[in-house]
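If you're wondering where the values come from, they're calculated on a predicted model, not measured in any experiment.
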Amino acid sequence: MWDEIYDVIVIGAGHAGCEAALASARMECKTALFTINVDKIAEMPCNPSIGGVAKGTVVREIDALGGEMAKNVDETGIQFRLLNKRKGPAVRSPRAQADKEAYRKRMRMTVEQTDNLHIIQQIVDDIIIENGKVRGVVTHIGVKYGAKAVIVTAGTFLKGRIIIGFEKFEGGRMWEPSANKLSEFYKKHGFRVGRLKTGTPTRIDGRTIDFSKMEEQPGDEPAPLFSFRTEPKKIDQIPCYITYTTNKTHEIIKNNLHRSPMYGERKLITGTGVRYCPSIEDKIVKFPDRDRHHVFVEPEGRDTIEFYPNGTSTSLPYDVQVEIIHSIPGLENTKIVRPAYGIEYDFIDPTHLYPTLETKIIKGLFNAGQINGTTGYEEAAGQGIVAGINAALYAKESDKKFILGRDEAYIGVMIDDLVNKGIREPYRLFTSRAEYRLLLRYDNADFRLAKYGYKFGLLTKEQYERVEKKYKLVQFFIEKLKEIKLRPDVLNPILKKESSTSVKEAISCYSILKRPEVKLKNIIPLINIEITETDEKIVREALEETEIETKYEGYIKRQIEDVKKFRKIENIKIPETIDYNSIPISTEEKQKLIEAKPLTLGQASRLEGIRPASISVLSIYINKHKTSKEDKSA
């Protein structure tokens with residue numbers, strides 16, 4: 001029956017698919033990665049960047065778990081910056097411009113050279129189900145492949161439709177076919193299927209850009225790399241540029257709204273768009289009082305003439321696109337290489353998923369990435385590695401499940417939001433979504449998550465011991481700072497230089513470092529701490545961690561206490577045999593709980609429409625159920 005049998009099959013080789021397949025294969029599962037086009041593995045169809053606020057932290061979390069995205073961008077990036085450096089550590093995050101071609105090629109090479117991982121260029125048309133469990137897939141040429149678990153990471157390809165003005169045609173990305181039959185599989189099996197919309201700007205010829213009319217935006221030196229496992233290195237960074245839309249730009253758009261597939265008489269676009277990354281016509285309509293909008297002109301690579309005018313995404317007709325670009329300072333004579341376009345695609349309601357990203361309807365079927373209603377390479381990759389780990393555990397018939405809590409990772413926040421709340425628009429991560437963001441910093445992702453990467457075999461013992469060594473050094477530094485006191489005559493010159501109040505008696509380094517204006521780098525030369533660690537990277541990172549932990553000690557302790565309260569309810573498991581119909585809560589709440597199948601009382605509390613009073617009733621019922629079970633066993 002089967003052409004070949006695998007432990008895990010991954011459908012789609014974008015950012016989610018690559019992380020899922022690599023995790024599964026590295027966990028020693030025989031894995032197949034299906035793609036429409038092998039040459040487009042890890043393609044970056046939109047912006048040529050990785051990271052950003054919250055997103056950059058996700059990339060570091062993927063790295064701490066043993067994923068590939070951080071290492072890949074470190075090796076192929078052309079500019080690196082740390083965002084929000086002047087703000088608190090909870091909102092700082094790395095961002096990099098990637099060489100899109102180099103990024104894609106390196107990820108493909110990594111996938112190709114990974115043991116247990118087989119790439120197959122075929123379109124999957126159907127998933128074979130027997131007795132409510134995954135059994136395999138069927139491709140567009142009629143070949144059948146068996147599998148214990150299947151992960152669908154279809155991106156924008158499910159019934160993808162590209163729109164430019166009033167012209168429309170099928171496509172998962174420009175010049176690539178859509179996958180039309182998988183949507184029908186989901187509908188047939190009772191999944192709710194919705195429609196979303198996103199888009200991308202034109203690509204422009206860098207040789208025709210007048211950069212003298214723009215603000216140059218260089219990278220940071222030294223480059224703030226992503227991976228905890230990348231050694232420091234010198235990178236020849238390429239600048240980006242900032243320009244702005246003008247009144248003329250806005251007039252062009254207003255005068256052509258009747259030709260827009262979003263606002264014109266012929267509304268071809270019906271899917272919900274990305275609120276936080278709107279098209280340029282959306283900005284003009286929704287923010288009429290704004291005189292101008294940022295346009296970030298970003299290089300797409302070292303060996304290409306193409307630049308990406310970030311902020312000008314549109315689905316307006318091509319002739320209007322040309323007018324818009326030519327109305328922007330520095331782009332008056334710019335040639336367009338590729339047109340902008342909007343794209344609509346199907347997604348599957350993520351409330352059909354458990355926090356493992358396995359579907360509640362079919363065992364062994366996992367969804368990850370944009371199919372769950374998210375937007376962004378980083379969000380997709382974060383889901384991919386979680387799905388890959390859980391699919392591998394399922395294929396091995398392990399009783400273990402990998403679920404990240406809201407207090408452990410931004411990936412945990414995202415997945416919890418998706419499976420409990422669902423979406424009304426494409427989901428994007430922000431620091432504001434995380435209640436415990438001071439604990440979920442970009443700098444301590446390895447401390448939070450490396451234990452899982454090691455546990456599942458995605459990190460080596462040596463890599464994990466390096467993390468342990470770093471945090472032992474942090475504790476060592478903190479203890480020394482508390483022990484060592486500095487006299488006023490030694491400390492006051494530094495305090496005066498930093499415009500900080502002088503001291504009249506000896507004070508511990510730890511206490512003085514709590515002042516916002518005092519930096520650890522100014523204190524270290526004044527004290528004698530014997531550092532036996534020879535790895536400069538570990539020492540530098542440990543010192544950074546020491547400074548953050550010291551300055552924000554009070555806030556961190558407060559959040560840790562909040563987490564303890566959160567875990568009390570989060571750790572209360574709901575019995576699988578629970579009968580919600582017998583609980584005295586509203587009929588609507590019973591229906592929501594029956595459909596959502598929350599695993600814990602905490603998850604139940606975050607479902608929309610579930611009242612706090614009903615959670616209290618549910619808690620009492622769970623305790624009675626537990627007591628009754630204990631009595632029977634006795």
Side-chain angles (χ1 to χ4, degrees), residues 132 186-187 189-194 272 347-363 365-367 372-374 386 390 399 401-409 411-425 427 432-436 561-634:
Y186 280 101
K187 289 177 182 177
H189 287 280
F191 291 86
R192 286 183 296 278
V193 179
T272 306
F347 79 101
I348 312 304
D349 184 345
T351 62
H352 286 305
L353 302 173
Y354 290 113
T356 58
L357 297 182
E358 182 183 19
T359 68
K360 297 170 183 175
I361 296 175
I362 298 171
K363 291 184 178 181
L365 177 62
F366 297 77
N367 290 351
N372 291 335
T374 58
V386 170
N390 280 305
D399 58 357
K401 290 179 172 60
F402 179 47
I403 298 174
L404 283 171
R406 298 183 70 89
D407 57 319
E408 291 184 291
I411 297 173
V413 171
M414 169 179 60
I415 292 175
D416 187 75
D417 283 348
L418 292 172
V419 304
N420 288 316
K421 300 176 183 177
I423 65 154
R424 292 189 178 90
E425 61 190 14
Y427 180 95
S432 59
R433 294 193 189 273
E435 303 91 328
Y436 313 112
E561 288 302 312
D562 289 342
V563 167
K564 287 178 181 176
K565 295 174 185 176
F566 166 75
R567 282 184 177 169
K568 282 182 181 178
I569 186 172
E570 195 66 20
N571 292 335
I572 298 175
K573 293 184 179 179
I574 298 176
E576 290 183 11
T577 56
I578 192 166
D579 179 11
Y580 288 112
N581 286 317
S582 65
I583 303 174
I585 55 178
S586 73
T587 301
E588 183 183 358
E589 288 173 313
K590 290 175 184 177
Q591 290 172 346
K592 288 194 174 186
L593 289 165
I594 290 169
E595 182 180 344
K597 299 178 183 175
L599 300 177
T600 69
L601 194 61
Q603 287 175 27
S605 72
R606 293 190 293 279
L607 295 173
E608 288 194 15
I610 304 297
R611 297 168 299 170
S614 298
I615 293 298
S616 297
V617 173
L618 181 57
S619 176
I620 293 168
Y621 182 89
I622 291 170
N623 285 331
K624 284 183 178 179
H625 184 279
K626 183 180 178 183
T627 303
S628 174
K629 192 173 181 181
E630 288 173 352
D631 289 343
K632 286 179 181 179
S633 63

Does any N or O in the side chain of His352 come within less than 3.5 Å of the main-chain N or O of Lys360, such that one atom is a donor and the other an acceptor? no

Which pair of heavy atoms, one from Ala604 and one from Pro598, lies closest together, and at what distance? N-CB, 3.7 Å

Drop me the distance from Ile585's CD1 to Ser616's OG, to the nearest 0.5 angstrom. 11.5 Å

Say whether, by atom type as modelled, one donor and one acceptor occur between the side chain of Asp579 and the main chain of Asn581 under 3.5 angstrom. yes

All heavy atoms of Ile569 vs all of Leu601, minimum pair found to be O-CB, 3.6 Å

OG1 of Thr351 to CD1 of Ile423, rounded to nearest 0.5 Å, is 10.0 Å

What closest approach, in Å, do Ile348 and Tyr186 show between heavy atoms, and which atom pair accounts for it? CD1-CG, 3.6 Å

Might you work through the side-chain contact (heavy atoms from CB on, under 4.5 Å) test for Leu599 and Ile574, ending with a clear yes or no? CA-CA 6 Å; Leu599 300 177; Ile574 298 176; over 6 Å; no

Ignoring hydrogens and angles, tell me if any N or O in the side chain of Glu595 forms a donor-acceptor pair with the backbone of Gln591 under 3.5 Å. no

Working for side-chain contact (heavy atoms from CB on, under 4.5 Å), residues Asn390 and Leu357: CA-CA 8 Å; Asn390 280 305; Leu357 297 182; 5.9 Å; no

Ile411 vs Val386, test: side-chain contact (heavy atoms from CB on, under 4.5 Å). Steps then yes/no. CA-CA 9 Å; Ile411 297 173; Val386 170; 3.8 Å; yes

Distance (rounded to the nearest 0.5 Å) between Tyr580 OH and Ile594 CD1: 8.5 Å

CD1 of Ile583 to CG of Leu618, rounded to nearest 0.5 Å, is 5.0 Å

Give the minimum heavy-atom separation between Asp349 and Gly422, together with the two atoms involved. OD1-CA, 4.5 Å

Quick one: do Arg406 and Asp417 make a salt bridge, cutoff under 4.0 Å? yes

Rounding to 0.5 Å, atoms OG (Ser614) and NZ (Lys590) come to a distance of 10.0 Å

Could Glu589 and Lys592 be called an ion pair, given the rule that one side-chain N must be under 4.0 Å from one carboxylate O? no

Check for a donor-acceptor pair, side chain of Asp416 on one end and backbone N or O of Gly412 on the other, with a separation under 3.5 Å. no

Less than 4.5 Å apart, side chain to side chain, heavy atoms only: is that true for Ile610 and Leu593? yes

Please report the shortest heavy-atom distance between Lys573 and Ile622, naming the atom on each side. O-CG2, 3.8 Å

Quick check: closest heavy atoms across Pro355 and Ile415, and the distance to 0.1 Å? O-CG2, 3.5 Å

Taking the six-membered ring of Tyr427, is NZ or CZ of Arg433 closer than 6.0 Å to its centre and within 45° of its axis? yes

Would Glu588 and Arg611 pass as an ion pair if we require N to O under 4.0 Å? no

So CE of Met414 and OG1 of Thr374: to nearest 0.5 Å the spacing works out to 6.5 Å

Side chains of Tyr436 and Val413: closer than 4.5 Å at any heavy-atom pair? no

Picking from Phe366, Tyr354, Phe191, what satisfies side chain to side chain contact (heavy atoms under 4.5 Å, CB included) with Thr359? Phe191

Answer yes or no: is there a side-chain heavy-atom contact under 4.5 Å between Asp407 and Phe566? yes

Please report the C-alpha distance between Thr600 and Ile572 in whole Å, then the side-chain angles of each, then the deciding distance to 0.1 Å, and finally whether the side-chain contact (heavy atoms from CB on, under 4.5 Å) criterion is met. CA-CA 5 Å; Thr600 69; Ile572 298 175; 5.9 Å; no

For Lys401, is the NZ atom crowded, meaning more than 12 foreign heavy atoms sit under 6.0 Å from it? no

Salt bridge check, Lys564 against Glu570: does any charged N sit closer than 4.0 Å to a carboxylate O? no

Should Glu561 and Arg567 count as an ion pair when the cut-off is N to O under 4.0 Å? no

